[in-house]
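For reference, the structure is listed below as structure tokens.
The model shown is predicted, which means the values in this text are computed figures rather than measured ones.
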Amino acid sequence: TQSRSSAASDVYKRQVYIVGVTQYLVRRPTLKLSQILVMFYIILRVLLGIDQIGFVASVFYLRLFWGFLAIYLLFKVNQIDLRRIFIGLAILTIVEYFAIHLFGGIINYLPNYTQKDVMFEFYSTSGWLGGAYSFGGNRTVSGVILLAVFTLFDQQNIKGKWLILAGSLLSLSGVAIGLTMVYFGITRFANLKKSSLSSLMVILALAAFIGLVVLRGDEVFYRISLTYLLDFMVDYKFSQIMEGIALHGESKLNLLTGLHVFSSENIEVSGYGISFGDFMALEFFVHYGLVGILMFLLFILPLINRVNAWPLMILIAGTFHYGIIFATPGQVVFGYLLSLGVREKRTLKTS
């Protein structure tokens, strides 16, 4: 049943990518010169990849790392509003969180939980501190995506934002909680100039939380403790970066262009040479090098504006731990947010 569900999901994903590109080609909206350059770069990399690792693997990498472009093209030519869907996803996450804790056996019927016995044992021992996997199939993916959506709603004061934040927090992802603290710390601190009592209370609450829990290294909040940040998010990530650089060998050209062939691979994506499943930003660098990073920035920077700046930064920051913008739900949200850069400029021109 699970394999059938996975196969059906893959078919659906391919259809979404194909529809996005096809509708763009039919309607032929304009693209910036920088975006056209990025498109040509991707086509070149695919052609080179076919020669190096074959057609199937080359297309796999295209969908994994650049799939958000097809989603962006889809939303660029279709003015779709996802706000109600976002609220629905938050409600889904909240309901799932309480369901798995009140009725543990429901995990056996949820497709987003693999290794059912292991997960049942995990939630039995962790109690209410076990977060919901939800639509992202991963606590961090779901939590960071909902947080990014919350910042979008918060910046525009859209109704339902606190419901979305609740969904993010109930994923109980250390990354999502940490980024939530960063967001509130920066945005509410900026509002202190306006003598906002609520902003001052948020700052004081964050300071108390950091002082009493994070710096103390409380076991409950270990994943956002100073010990965890230093031991894992600094030391371990740094060692991964050095390993990623080492995969390029002694060739400086590989650091610029990246490569598709590895001596090691992560078992999560067996056969495709994924080495850093928990650090997909590094994986992107290994595959595409500094030129790939430049092309990525060349595409997204012109599309960042006052509407989508915070949510895009949240998604990209989260990708330094898991593959937020490379997971299918993340690609959809990332592409949607990028399309808001175009919509906002159109609104400004007509107003």
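Residue Phe60 is not grouped with residue Leu47 when hydrophobic side chains (ILVMFWY) are merged at heavy-atom distances under 4.5 angstrom, including chains of intermediate members. At a threshold of 4.5 Å between side-chain heavy atoms, the hydrophobic network of Ile, Leu, Val, Met, Phe, Trp and Tyr places Leu253 and Leu294 in two separate groups. Linking ILVMFWY side-chain heavy atoms closer than 4.5 Å, directly or via other members, places Leu315 and Leu301 in a single hydrophobic cluster. The hydrophobic clustering, which links ILVMFWY residues whose side-chain heavy atoms are closer than 4.5 Å, places Phe299 and Leu33 apart. Leu298 and Ile293 fall within the same hydrophobic cluster, where Ile, Leu, Val, Met, Phe, Trp and Tyr residues are linked whenever their side-chain heavy atoms come under 4.5 Å apart, directly or through other members.
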Task: Residues Asp154, Tyr183; criterion side chain to side chain contact (heavy atoms under 4.5 Å, CB included); working and verdict - done: CA-CA 11 Å; Asp154 187 47; Tyr183 173 74; 2.5 Å; yes
- [ ] Using the side chain to side chain contact (heavy atoms under 4.5 Å, CB included) rule, take Ile80 and Phe75 through it: C-alpha gap first, then chi angles, then the decisive distance, then the call.
- [x] CA-CA 7 Å; Ile80 303 174; Phe75 286 118; 4.0 Å; yes
Open item on the list: side chain to side chain contact (heavy atoms under 4.5 Å, CB included) for Ile325 and Met280? Distances and angles first, verdict last.
Closed with: CA-CA 9 Å; Ile325 65 173; Met280 290 300 289; over 6 Å; no
- [ ] Check the pair Phe86, Tyr336 against ring-ring contact (aromatic ring centres under 6.0 Å, His included), reporting the backbone distance first and the verdict last.
- [x] CA-CA 12 Å; Phe86 290 145; Tyr336 172 77; 5.7 Å; yes
Task: Pair Val175-Phe320, side chain to side chain contact (heavy atoms under 4.5 Å, CB included): steps then yes or no - done: CA-CA 10 Å; Val175 175; Phe320 280 84; over 6 Å; no
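Note that CG of Leu282 is 12.5 Å distant from OG1 of Thr319, once rounded to the nearest 0.5 Å. Here the CG-CD1 distance, from Leu92 to Ile85, works out to 12.5 Å after rounding to the nearest 0.5 Å. Rounded to the nearest 0.5 Å, atoms OG (Ser58) and CZ (Arg63) are 12.5 Å apart. Separating the CZ atom in Phe150 from the CG atom in Leu169 is a distance of 9.0 Å, to the nearest 0.5 Å. A distance of 6.5 Å separates CD1 in Ile71 from CD in Gln331, rounded to the nearest 0.5 Å. Between atom CG of residue Leu146 and atom OG1 of residue Thr93 there is a gap of 5.0 Å, rounded to the nearest 0.5 Å.
The minimum heavy-atom distance linking Gly137 with Ser142 is given by the pair N-OG, 4.1 Å. The minimum heavy-atom distance linking Ser339 with Lys76 is given by the pair CB-N, 4.1 Å. What you find for His287 and Arg45 is that their closest heavy atoms are O-NH2, 3.2 Å. Contact record, Val141 with Asn138: N-OD1, 3.2 Å, taken as the closest heavy-atom pair. When every heavy atom of Ile300 is checked against every heavy atom of Ile316, the shortest pair comes out as CD1-CD1, 3.8 Å. Closest of all the heavy-atom pairs between Pro329 and Gly136 is CG-CA, 4.1 Å.
Contact check for Gln156 versus Thr151: no side-chain heavy atoms found under the 4.5 Å cut-off. For the pair Pro302 and Ser34, the minimum side-chain heavy-atom distance is below 4.5 Å. Counting heavy atoms from C-beta on, the side chains of Met242 and Phe238 come closer than 4.5 Å. Side-chain contact between Leu170 and Phe98: present, with at least one pair of heavy atoms (C-beta onward) separated by less than 4.5 Å. Phe296 has its side chain within reach of Phe68: a pair of non-hydrogen atoms, C-beta onward, lies under 4.5 Å apart. Contact check for Leu73 versus Val77: no side-chain heavy atoms found under the 4.5 Å cut-off. Counting heavy atoms from C-beta outward, Ile100 and Leu110 have side chains that approach closer than 4.5 Å.
For the pairing with Trp66, the ring-ring contact (aromatic ring centres under 6.0 Å, His included) check across Phe326, Phe334, Tyr72, Phe284 returns one residue only, Phe284. Shown are Leu147, Leu152, Thr187; of these, the side chain to side chain contact (heavy atoms under 4.5 Å, CB included) with Trp310 is made only by Thr187.
Tyr113 and Asn108 are not linked by any side-chain donor-acceptor pair at a separation below 3.5 angstrom, with hydrogens and angles left out of the test.
Judged purely by atom type and a 3.5 angstrom limit, Glu96 has no side-chain atom pairing as donor or acceptor with the backbone of Ala132. At distances below 3.5 Å, at least one donor-acceptor pair connects side-chain atoms of His101 with backbone N or O atoms of Gly130. Formation of a donor-acceptor pair under 3.5 Å by the Arg139 side chain with backbone atoms of Gly174 is not found in this model. A donor-acceptor pair is defined here as one N or O able to donate and one able to accept, closer than 3.5 Å; such a pair exists between the side chain of Asn305 and the backbone of Asn308. At distances below 3.5 Å, not a single donor-acceptor pair connects side-chain atoms of Asn112 with backbone N or O atoms of Phe135.
Taking the six-membered ring for Trp, Trp162 and Phe153 have ring centres at least 6.0 Å apart. Two rings, from Tyr61 and Tyr288, have their centers 6.0 Å or more apart.
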